[in-house]
Amino acid sequence: MSYHFNEIEAKWQKYWAENQTFKAKNKSDLPKFYVLDMFPYPSGAGLHVGHPLGYIASDIYARFKRHKGFNVLHPQGYDSFGLPAEQYAIQTGQHPAITTEDNIKRYRQQLDQIGFSFDWSREVRTSESDYYRWTQWIFIQLFDSWYDKENDKAQPISILETIFFAEGNTNVNAVCDEDVEAFSADEWNAFSSEEKQKILLKYRLTYLAETEVNWCPELGTVLANDEIVNGVSERGGFPVVRKKMTQWSMRISAYAQRLLDDSEALDWPQPLKDSQTNWIGRSKGALVKFQILNSSHPQPFPEGREPRYLTGDPQISGELLHRAKEMRKKPTEGEAILWQKLKAKKLDSKFRRQHPIDSYIVDFACLSKKLIIEVDGEIHLQQKEKDGERELQLNQKLGYRVLRFTNQEVLEDINEVINKIENTLNSLSIGEGWGENETKTDNKKHISVFTTRPDTIFGVSFMTLAPEHELVQEITTSEQKEAVNAYIAKSAKRSERERMADVKTISGEFTGAYAIHPLSGEKIPVWIGDYVLAGYGTGAVMSVPCGDQRDYDFAKHFGLPIPNIFEGIDISEEAYAEKDGTKIANSDFLTGLAYKEATQKAIEALEAVNAGKGKINYRLRDAVFSRQRYWGEPFPVYYVNGLPQMIAEEHLPLKLPEVEKYLPTEEGEPPLGRATTWAWDSNKNKIVSNEMLKQVQHDGTQNDVTPSGVEGSSGKGIYPLELNTMPGWAGSSWYFFRYMDADNEEIFVSEEAQKYWENVDLYIGGSEHATGHLLYSRFWTKFLYDRGMVSVKEPFKKLINQGMILGMSAMVYRIEGENTFISKGLIEGKSVQPIHADVSFINSSDELDVEAFKSWRPEFADAKFILENGKYVVGREVEKMSKSKYNVVSPDEICSQYGADTLRMYEMFLGPLEQAKPWNTAGITGVHNFLKKMWKLYHNDEVFAVSEEKASADSMKTLHKTIKKVTEDIEEFSFNTSVSTFMICVNELTAQKCNQRELLEPLAILIAPYAPHIAEELWSKLGHDSSITTAEYPVYKESYLVESSKDYPISFNGKMRFTMELPLEMGRDEIEKAVMADERTQKQLDGRAPKKVIVVPGKIVNIVG
RNA sequence: GCUCGAGUGGCGGAAUUGGUAGACGCGCUGGAUUCAAAAUCCAGUAUUUUCGGAUGUGCGGGUUCAAGUCCCGCCUCGAGUACCA
């Protein structure tokens, strides 16, 4: 009886569907196991042979677990919102919902014919409103949350409001926007509702903010960082530009550290974890402030006007002056000596002693240079904190530089003290110091930089700002203005892509401004250069040319100094970027220290003068969540006076409106701007016509403009709705929870279902989702965990990346300038142009069906062909499978020609799951023959024939060897080797003429996960009337494998020469004796005496000599 | 540039803690069957050879009784990332 796979497969696919064989129960005494494939997007092209690879692997595992007695959840569904359907809609006018539905039908039919054990009763589609209502719901929860750093978790916004009400925001440790200003409880309570909303928006986990985004004009939408590859859009490959827009953002940065920490324990491929780690990009260092020496608007003292020396706080100036006079009368010893020296030494600058500044009296002050000198007695050691506060006020707020000496320093080495003062004065050289008449605001200006090498702070010889840096315009001197603006214009014109491609060219411009080194007080020129990225850190760097190659190159190029601060390191050729291997030199108090201590000391010193602090910086940016697109989830948001309001949960879903066209409006609004029924009636809680909105406006009630530009009114409670939609990753960031309880209308997943299924035990998919879907899913899961909505911190316990199946493109060669194609063997020396030919025209010997090719496209109809040996031979190239390369192979043909079981086994047989491999149908006959051979084991010619007799010991040994190997292989996801094992097993059983039930029954179960249709058929023929699906997996018994002897390999100097069968119970000495006695040994030794004989019982014998 | 991963016959790929390199399949060669083909079955298939053997897992060293496997230094290919301060 021959193996009619088509009939068998159709029969069992029907059986599984009718009997709901793979339906998982949410209540079960069995242990659970959750196997999931990465969410497919139903594209119009259907499946090619590469897609099912992961599905087959996960299906084998799911089926294996069912045999092992697990309650298995193995669902499937569609990530059905997305760009391709919308692009198609723009071109053809067909509603994306129809396109999507058609594509899903095709997908489903293709999936079904491969025999997957999916529980289709739980199917979800992100574009269905009963699904996306919960996506909208989660969005609302994010809006209703803030990140509490104190407890390191998301909290309800109501808690934050309670804190603001009671104590303002000064003690709140939250992740928030950078521009949040401090307020007290009184101030908070005095704020209007709108002011409060604006402030809260700065704290919410999803927030509306004007951000610089990646705008793709071709796609008409913004893209997230992970949707851009090499500076162009991942989808379509269109250029991307930076643009400022008001957008919804997700505060994923709040979770950066937890995403990093928790990834360590995940059973994921290391490269995938690495790429998440890199993407998050944690770096430890310091934030350092450099004051700007103001030279942009030199304001010489107006003629005839005295500088203002009354710098004390006017409200208490009388009291201050009185106390100052008292103090001048009784200086400390140190103060007295210093005053004498300062008077004696003509320092070009006038000093005043015991001078009131703000609410303090300082020891000595040079007002023209804004330098303060303090001489500390013992008392200061005990009031460091107060001094810090005083210094903060003087230094940060008023812009004075404070030099501090101890009494002891002054007494011991007054010359050194004077020298330091002199140096500092010189660094604040004439004309560039703060004039006494300058205003407070000027003093506030500083450049913040982030550095991972605070230990090299004394190696700074210039600073570089990104051309886009907000301070550039302010600080640039009039002389440099023209050059700087020209440079900014030039670099703005260069696209992201150009800038990335052209790393070699060094460019920049001097701003004319100087900053002050916070520790040495030296004057440092400030440059701009586009090697500094506006988007990373603070958009500015302290340039340490001796320790950073980019700074080094920049310094060399512009002839800037390159001070060496590394002991014994030659920096004449290149920078020394290593942290270890040397000590810091020429660096004041850091000299002689190694990287670690120097870093520590430098941060301490910076903190002491309030010019810096230790900081951890992340590369991970908050994720932009708005898309100017039609085919996505609508935001459950309407605007009152431009402020976003959430639609109450009970009124969800907010359904996607109909539009007549899927393009942006003439005003440049997103496609939803075309919807005519897209306003929110906040009294009736429903969507109403935009007419209502206009009517209200005509009534003359208050008008306002939303960020999207739609006019609205608060008069009758009718407001404009958000016009953006959510990005593709919204629906896919939580779908794995929905499968647990797919039909629940009360909640996104019931607590009971979620606690039973927990999270995904095994997740299989491509590595391309490393920094998108997988990171966002982890973020949302952590958020839901924080808010007590799920019980797990991570979505996917174990993850496997299946390798890509590559296509074998077929190339034909057209002679340049002619319509003549030349066979591959003859192209040598000819100028030819390779063209992709459809792989369906190629036979197994790489020969082209010339006639089929000619009728493929009109331009080839009258082409000429130069053949070799009467054939046209094509070239083959391994490339990604893609429609545009005509190398796509569909699983459909394979299924009809060889059957799904053959396809499943062949895809596994190709090689390790994780590895990329080219698709080549050549080997498929071997797998197909194997199945036929197995079928024959159960049949005698045309009849099913299984014997009830006892199987031979040899057969039992074969079976149990197979059980052992296959079980180990499945557990290690080594499916290719288990297919080989099955082949060996069937070969052996065939040779043994084995046909016993004792053996063939367990064999059917063993192979069922791989080739389920044939297994079911044989199972039913064996007399079972229920599915093989839950048949108990055979247990391996070692007793069948016990051997009495071993065929020892006998090697000489490590080379195997012959084998020798010896009893296993033989000891070391006996083995040696037996081997030495063998004549082949003597022949090998050729009379020599062996130096040594190594005997490993049960393994090997090695004779040295 | 940096970070990973991989280099084994004509091809896809096997090889437990270091212990018989090339399992299994494809392809190829020869044979059986057939009028013939397909299908099926059998035998062979790393290289080289003076038929004893010798050489072989990208290259060069090393450790070891023994190395595809461990260590050091290179080369090539692939993936990811990219001026990240």
Side-chain angles (χ1 to χ4, degrees), chain A residues 2 229-231 269-275 277-279 281-283 285 449-453 456 464 466 499-504 506 529-533 535-544 547-551 553-554 577 617-620 767-768 770-771 801 803-804 844-845 878 905-906 909-912 914-930 932-933 936 965 968 974 976-985 987 1047-1059 1083 1086 1090-1096 1098-1105:
Chain A
S2 48
V229 178
N230 295 329
Q270 197 56 42
L272 199 148
K273 289 206 264 185
D274 288 348
S275 73
T277 306
N278 292 337
W279 191 260
R282 181 187 200 265
S283 47
V449 301
F450 175 74
T451 175
T452 55
R453 296 294 302 274
T456 65
T464 317
R499 246 169 101 163
M500 273 197 279
D502 182 21
V503 177
K504 290 273 135 60
I506 295 158
D530 67 7
Y531 81 96
V532 178
L533 304 177
Y536 183 74
T538 61
V541 299
M542 56 174 227
S543 301
V544 183
D548 183 290
Q549 195 56 43
R550 292 156 304 173
D551 294 342
D553 295 340
F554 195 86
N617 203 41
Y618 300 93
R619 199 184 78 124
L620 183 71
S767 55
E768 66 273 20
T771 52
N801 285 135
M804 211 188 312
S844 59
S845 314
V878 175
M905 292 201 89
Y906 184 59
F909 186 63
L910 278 176
E914 303 89 337
Q915 208 173 291
K917 53 233 156 200
W919 177 259
N920 182 355
T921 337
I924 202 161
T925 54
V927 173
H928 189 65
N929 283 342
F930 152 74
K932 284 202 271 189
K933 213 165 164 182
K936 275 194 196 160
K965 177 80 172 128
E968 283 169 4
S974 174
N976 56 325
T977 50
S978 50
V979 176
S980 299
T981 306
F982 282 124
M983 289 175 171
I984 294 166
C985 172
N987 287 346
D1047 199 18
Y1048 279 97
I1050 313 298
S1051 38
F1052 293 79
N1053 297 319
K1055 300 263 180 223
M1056 202 279 285
R1057 291 304 171 218
F1058 58 89
T1059 60
K1083 195 178 169 196
D1086 196 22
K1091 286 196 190 116
K1092 207 172 178 184
V1093 180
I1094 310 283
V1095 178
V1096 184
K1099 277 256 162 83
I1100 199 169
V1101 177
N1102 190 17
I1103 297 161
V1104 189

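Worth knowing before you read on, the calculation uses all heavy atoms, side chains too, and leaves out hydrogens, waters and symmetry mates. Residue numbers begin at 1 in each chain, while the letters A, B, ... track the order of the sequences.
Here A:Asp551 lies out of heavy-atom contact (under 4.0 Å) with every strand. Note on A:Asn1102: a base of the nucleic acid sits closer than 4.0 angstrom, heavy atoms only.
The partner of B:C59, taking Watson-Crick or G-U wobble pairs whose two distances both stay under 3.5 Å, is B:G73. Within the shown strands, nothing qualifies as a pairing partner of B:U34 under the Watson-Crick or G-U definition with both distances less than 3.5 Å. Using the Watson-Crick or G-U wobble rule with both distances under 3.5 Å, B:A43 pairs with B:U29. The base-pairing partner of B:U3, taking Watson-Crick or G-U wobble contacts with both distances under 3.5 Å, is B:A79. Pair assignment for B:G19: B:C65, on the basis of Watson-Crick or G-U wobble contacts that are both within less than 3.5 Å. With a 3.5 Å ceiling on both atom-pair distances, the Watson-Crick or G-U wobble partner of B:G12 is B:C24.
Comparing B:G25, B:C65, B:U20 by their closest approach to the side chain of A:Met983 singles out B:G25. Ranking B:G19, B:A85, B:G27 by closeness to the A:Leu533 side chain, first place goes to B:A85. Side-chain proximity of A:Tyr536 to the nucleotides B:G25, B:G19, B:A85 is greatest for B:A85. Comparing B:C84, B:U17, B:C4 by their closest approach to the side chain of A:Asp274 singles out B:C4. Taking only side-chain atoms of A:Val532, from C-beta outward, the nucleotide of B:G80, B:A85, B:G27 with the closest atom is B:A85. Between B:C65, B:C83, B:C4, one nucleotide has an atom nearer to the side chain of A:Arg550 than all others, and that is B:C83.
Heavy-atom minimum distance, A:Ile506 versus A:Asp553: CD1-CB, 3.5 Å. Closest non-hydrogen pair, A:Met905 versus A:Val979, comes out as O-CG2, 3.9 Å. When all heavy atoms of A:Ala466 and A:Val532 are compared, the closest pair comes out as CB-O, 3.4 Å. Heavy atoms only, all atoms of each residue included: A:Ile1100 and A:Ser1051 are closest at CD1-OG, 3.9 Å. Residues A:Val1093 and A:Val1101 approach most closely at CG1-CG1, 4.3 Å, considering heavy atoms. Of all the heavy atoms in A:Arg453 and A:Thr451, the pair that sits closest is N-OG1, 2.9 Å.
Regarding the sugar-base torsion, B:G31 falls in the anti class, its angle being beyond 90° of 0. In this entry the base of B:G78 is anti relative to its sugar, with a glycosidic angle more than 90° from 0.
Atom pair A:Met905:CE and B:G25:P shows a separation of 12 Å (rounding to whole Å applied). Rounded to whole angstrom, the span from the NZ atom of A:Lys936 across to the P atom of B:A39 amounts to 13 Å. Distance CH2 (A:Trp279) to C1' (B:C2): 16 Å, rounded to an integer number of Å. One interatomic measurement links the two molecules: CD1 of A:Ile984 to P of B:G25, which rounds to 8 Å at whole-angstrom precision. Rounded to a whole Å, the CZ atom of A:Phe982 is 16 Å from the C1' atom of B:A23. Rounded to an integer number of Å, the gap from CZ of A:Phe930 to C1' of B:A23 is 15 Å. Between the C1' atom of B:U40 and the NZ atom of A:Lys933 lies a distance of 11 Å, rounded to the nearest Å. Taking atom NZ of A:Lys932 as the reference point, atom P of B:A38 lies 14 Å away to the nearest angstrom.
In terms of position on RNA chain B, the residue among A:Gly537 and A:Ile1094 whose nearest nucleotide sits closer to the 5' end is A:Ile1094.
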How far apart are the C-alpha atoms of A:Asn1102 and A:Lys1092, what are their side-chain angles, what is the distance that settles it, and do they pass the side chain to side chain donor-acceptor pair (under 3.5 Å) test?
-> CA-CA 8 Å; A:Asn1102 190 17; A:Lys1092 207 172 178 184; over 6 Å; no

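If you take atom C1' in B:U63 and the same atom in B:G10, they sit 36 Å apart, rounded to whole Å. Rounded to a whole angstrom, the distance from the C1' atom of B:U8 to that of B:C77 is 15 Å. B:G61 and B:U17 have their C1' atoms separated by 26 Å, with the value rounded to a whole Å. Comparing the C1' positions of B:A6 and B:A54 gives an interatomic distance of 31 Å, to the nearest angstrom. Remark: the separation of the C1' atoms in B:G56 and B:U48 is 10 Å, to the nearest Å. A distance of about 26 Å separates the P atoms of B:A67 and B:U45, rounded to the whole Å. B:U55 and B:C11 have their C1' atoms separated by 23 Å, given to the nearest Å. Rounded to whole Å, the separation between the C1' atoms of B:U69 and B:G19 comes to 11 Å.
With A:Ser283 contributing its side chain and A:Tyr618 its backbone, the two residues share no donor-acceptor pair below 3.5 Å. With hydrogens and angles disregarded, a donor-acceptor distance shorter than 3.5 Å links the side chain of A:Tyr1048 to the backbone of A:Gly1098.
A:Tyr531 and A:Phe554 have tilted rings, their planes meeting at an angle from 30° to 60° on a 0 to 90° scale. Ring geometry for A:Tyr906 versus A:Trp919: interplanar angle over 60°, hence perpendicular rather than tilted (30 to 60°).
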Enumerate all atom pairs, one protein N or O and one N or O from nucleotides 9-16 of chain B, separated by less than 3.5 Å.
residue	atom	partner	partner atom	Å
B:G12	O2'	A:Leu910	O	2.5
B:G13	OP1	A:Gln915	NE2	3.0
B:G13	O3'	A:Asn976	ND2	3.4
B:A14	OP1	A:Asn976	ND2	3.0

Identify each atom pair where a protein N or O and an N or O of nucleotides 47-56 of chain B are less than 3.5 Å apart, giving names and distance.
residue	atom	partner	partner atom	Å
B:A54	OP2	A:Arg1057	NH2	3.4

Could you list, one pair per line, each protein nitrogen or oxygen that sits under 3.5 Å from a nitrogen or oxygen of nucleotides 58-63 of chain B, together with the distance?
none

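With rounding to the nearest 0.5 Å, the separation of OG1 in A:Thr771 from CG in A:Leu272 is 9.0 Å. Taken to the nearest 0.5 Å, the CD atom of A:Gln270 stands 7.5 Å off from the OG1 atom of A:Thr277. The CZ atom of A:Phe930 lies 10.0 Å from the OG atom of A:Ser980; values are rounded to the nearest 0.5 Å. A:Arg1057 contributes atom CZ, which lies 8.5 Å from atom CZ of A:Phe1052 (distance to the nearest 0.5 angstrom).
OP1 or OP2 of B:A82 lies within a sub-4.0 Å distance of a side-chain N or O belonging to A:Arg619. At B:A85, one or more side-chain N or O atoms of A:Ser283 fall inside 4.0 Å of OP1 or OP2 (strictly under the cut-off). Considering only side-chain N and O atoms, A:Asn929 lies nowhere under 4.0 angstrom from the phosphate OP1 or OP2 of B:G25. Phosphate contact (OP1/OP2 of B:C4, side-chain N/O of A:Asn278, threshold under 4.0 Å): absent.
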